[in-house]
Amino acid sequence: METGSCPIATFDGGVDLAKTLESGQSYLWRREDGQMYMNATGGSPWYYTVLPGTTTETNEPEVIRVRQTDGQLEWASSTPHAYEQLVKLLRLDDDLDSVIESIPNDPLIESAYEAHRGMRLVRDPPFGCLISFICSAQMRVSRIYEMQTALASTYGETVHFDGNDYRAFPTPTQLAAADESALRELSLGYRAPYVERTAKMVATGNADPSEAVGLEYEDARESLTRFVGVGDKVADCVLLFSLGYLEAVPLDTWIRTAIEEHYPDCERGSYADTSKAIRERFGGQYAGYAQTYLFHHLRTGEEGD
DNA sequence: TATCCAAGGTAAGTT
DNA sequence: AACTTACCTTGGATA
């Protein structure tokens with residue numbers, strides 16, 4: 001086991017671990033105290049995730065636990081590369097002040113940024129991110145967590161670490177062994193065949209979400225829609241929350257409402273054109289950060305007016 | 001207690 | 001290519 005800590009001040013723009021991990025970007029982290037999403041906490045809860053085993057010889061999934069105490073980030077992990085993994089997973093090398101400066105003067109985005117200082121985008125493993133957001137269609141955030149938990153406890157590998165059992169998110173092969181009816185029993189509803197077919201596509205080597213990396217943004221989005229259950233919106237989520245396309249602006253119900261109320265000139269009828277207009281309004285390069293601050297701000301009801 | 005409704009949309013069928 | 005419609009399940013709102 002490797003443990004460590006470092007000052008929050010190490011990271012430009014600060015870090016708010018709870019907001020980063022409980023803002024509906026990632027469904028692959030859990031609170032160790034078992035509390036559900038955004039419940040009040042008496043202290044500094046540990047969060048954990050189980051990464052697909054790709055960095056060690058054994059390919060055993062790797063557990064990373066992390067928490068934020070006064071001014072410090074602390075971690076404990078089964079991998080010796082925990083710090084590097086955390087920097088990657090939590091995008092700790094993004095300079096948040098530069099990010100907000102890149103977004104053209106916008107009172108709504110600025111108030112969202114102020115209200116959620118330290119919230120960062122995440123960089124989820126591609127397969128788990130893909131499946132999570134296929135499941136997200138017409139679902140509440142709390143139920144998306146439940147679905148991913150059910151998938152992990154039914155099909156994922158058990159990992160022992162520091163006296164506890166953890167469940168990894170299933171690998172493509174493990175999930176491809178599931179059939180539609182079994183997935184429906186996990187309350188996936190009409191998403192069950194989407195998950196089954198997409199898992200089989202990845203497991204057979206027919207396609208892999210990370211193949212989109214390197215393509216120009218709009219080509220990458222188009223490329224991801226080959227997966228069953230993935231349209232433009234889910235594709236944008238995978239690009240933004242996993243593959244590092246920070247210009248992606250997923251047009252979900254919250255953002256569509258915000259466009260209606262605050263950016264009506266960006267409504268252009270089609271997804272592609274509206275997405276492009278709002279992306280440019282948010283300064284292009286880091287437009288996805290603006291989207292995520294706005295999404296979290298609106299969804300948690302802190303508009304302030 | 002019963003009914004209705006919307007939730008971080010997508011696929012398939014029509015025009 | 002643009003426009004409709006069906007789709008599972010559930011928690012919270014409304015009657």
Side-chain angles (χ1 to χ4, degrees), chain A residues 19-29 36-39 112 116 119 121-122 124 128-151 154 178-201 207 209 218 221-242 245 248-261 267-276 278-279 282 287-303:
Chain A
K19 287 186 187 295
T20 300
L21 296 181
E22 300 193 38
S23 48
Q25 303 177 52
S26 173
Y27 297 93
L28 304 177
W29 288 83
M36 284 301 288
Y37 171 80
M38 277 300 181
N39 277 354
H116 307 292
M119 186 176 80
L121 286 172
V122 297
D124 273 349
C129 181
L130 178 66
I131 297 299
S132 301
F133 280 93
I134 287 173
C135 291
S136 77
Q138 299 285 108
M139 271 297 140
R140 276 171 239 279
V141 165
S142 59
R143 286 210 57 226
I144 303 169
Y145 277 104
E146 291 173 13
M147 289 181 185
Q148 308 319 304
T149 302
L151 289 176
T154 307
D179 69 350
E180 178 181 334
S181 61
L183 293 172
R184 282 183 185 268
E185 285 176 16
L186 300 182
S187 299
L188 265 64
Y190 63 76
R191 302 154 199 81
Y194 300 167
V195 168
E196 183 202 2
R197 292 173 61 191
T198 289
K200 285 185 163 66
M201 286 172 73
E218 287 179 336
R221 187 177 66 197
E222 173 65 23
S223 159
L224 285 173
T225 60
R226 79 179 73 186
F227 295 103
V228 185
V230 180
D232 288 331
K233 188 271 172 184
V234 169
D236 266 334
C237 289
V238 175
L239 291 176
L240 182 60
F241 303 135
S242 177
Y245 285 76
V249 178
L251 297 185
D252 56 70
T253 53
W254 292 92
I255 301 304
R256 285 181 180 279
T257 301
I259 289 172
E260 214 173 296
E261 294 180 357
E267 177 53 62
R268 305 293 167 85
S270 74
Y271 187 101
D273 293 345
T274 303
S275 168
K276 184 174 185 190
I278 195 71
R279 200 160 67 244
F282 290 158
Y289 255 105
Q291 188 274 1
T292 299
Y293 274 103
L294 189 51
F295 172 82
H296 187 58
H297 197 50
L298 297 176
R299 210 180 65 79
T300 53
E302 297 173 22
E303 302 103 88

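First the proteins, then the strands, lettered A, B, ... as listed; each starts at 1. Predicted model, so just to flag it, every value in this text is computed and none were measured. Heavy atoms only: backbone and side chains are in, while hydrogens, waters and symmetry mates are out.
Near DNA chain B, meaning a heavy atom under 4.0 Å from it, residues 188-197 of chain A has A/Tyr190, A/Tyr194 in order of number.
Rounded to the nearest 0.5 angstrom, A/Glu185 CD and A/Thr154 OG1 are separated by 10.0 Å. Rounded to the nearest 0.5 angstrom, A/Arg197 CZ and A/Phe227 CZ are separated by 13.0 Å. Here CD of A/Glu267 is found 7.5 Å from CD of A/Glu260. Values are rounded to the nearest 0.5 Å. If you take CH2 on A/Trp29 and CD on A/Glu22, they are separated by 12.0 Å, rounding to the nearest 0.5 Å.
Spacing of C1' atoms, B/dA7 relative to C/dC7, comes out at 14 Å, to the nearest Å. Taking atom P in both B/dG8 and C/dA13, the straight-line distance is 14 Å, to the nearest Å. The gap from the P atom of C/dA6 to that of B/dC5 amounts to 16 Å, rounded to the nearest Å.
Rounded to whole Å, atom P of B/dA11 lies 12 Å from atom CG of A/Leu224. Put simply, CZ on A/Arg268 is 21 Å from P on C/dA1, counting in whole angstrom units. Computed from coordinates, the A/Ile134 CD1 to C/dC8 C1' distance equals 16 Å when rounded to whole Å.
Within 4.0 Å (heavy atoms only), A/Gln25 reaches at least one base atom of the nucleic acid. The residue A/Tyr27 sits close to a base: some heavy atom pair falls under 4.0 Å.
For the 3.5 Å distance criterion, the side chains of A/Gln291 and A/Asp236 fail to qualify, holding no donor opposite an acceptor. The closest side-chain donor-acceptor pair between A/Ser242 and A/Asp124, if any, does not fall under 3.5 angstrom.
Each of A/Leu251 and A/Phe227 lies near DNA chain B, and the nucleotide nearest A/Leu251 is the one positioned closer to the 5' end. Residue A/Met139 is the one, among A/Met139 and A/Val228, whose nearest nucleotide of DNA chain B lies closer to the 5' end (criterion: closest heavy atom).
Residue A/Ser270 places none of its side-chain N or O atoms closer than 4.0 Å to OP1 or OP2 of C/dA2. Proximity of A/Arg184 to the phosphate of C/dC8: a side-chain N or O atom is located under 4.0 Å from OP1 or OP2.
Stem analysis of DNA chain C (Watson-Crick or G-U pairs, both distances under 3.5 Å, runs of at least three) returns B:1-7 with C:9-15, B:9-15 with C:1-7.
Taking every side-chain heavy atom of A/Arg143 into account, C/dT10 is the closest of B/dA7, C/dT10, B/dT10.
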Evaluate the ring-ring contact (aromatic ring centres under 6.0 Å, His included) criterion for residues A/Phe133 and A/Tyr27: first the C-alpha distance (whole Å), next the side-chain angles of each, then the deciding distance (0.1 Å), finally the verdict.
CA-CA 9 Å; A/Phe133 280 93; A/Tyr27 297 93; 5.6 Å; yes
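Electrostatic pairing of A/Glu196 and A/Lys200 counts as a salt bridge here, judged by a charged N lying under 4.0 Å from a carboxylate O. Here A/Arg279 pairs with A/Glu218 in a salt bridge; the nearest charged N to carboxylate O distance falls below 4.0 Å.
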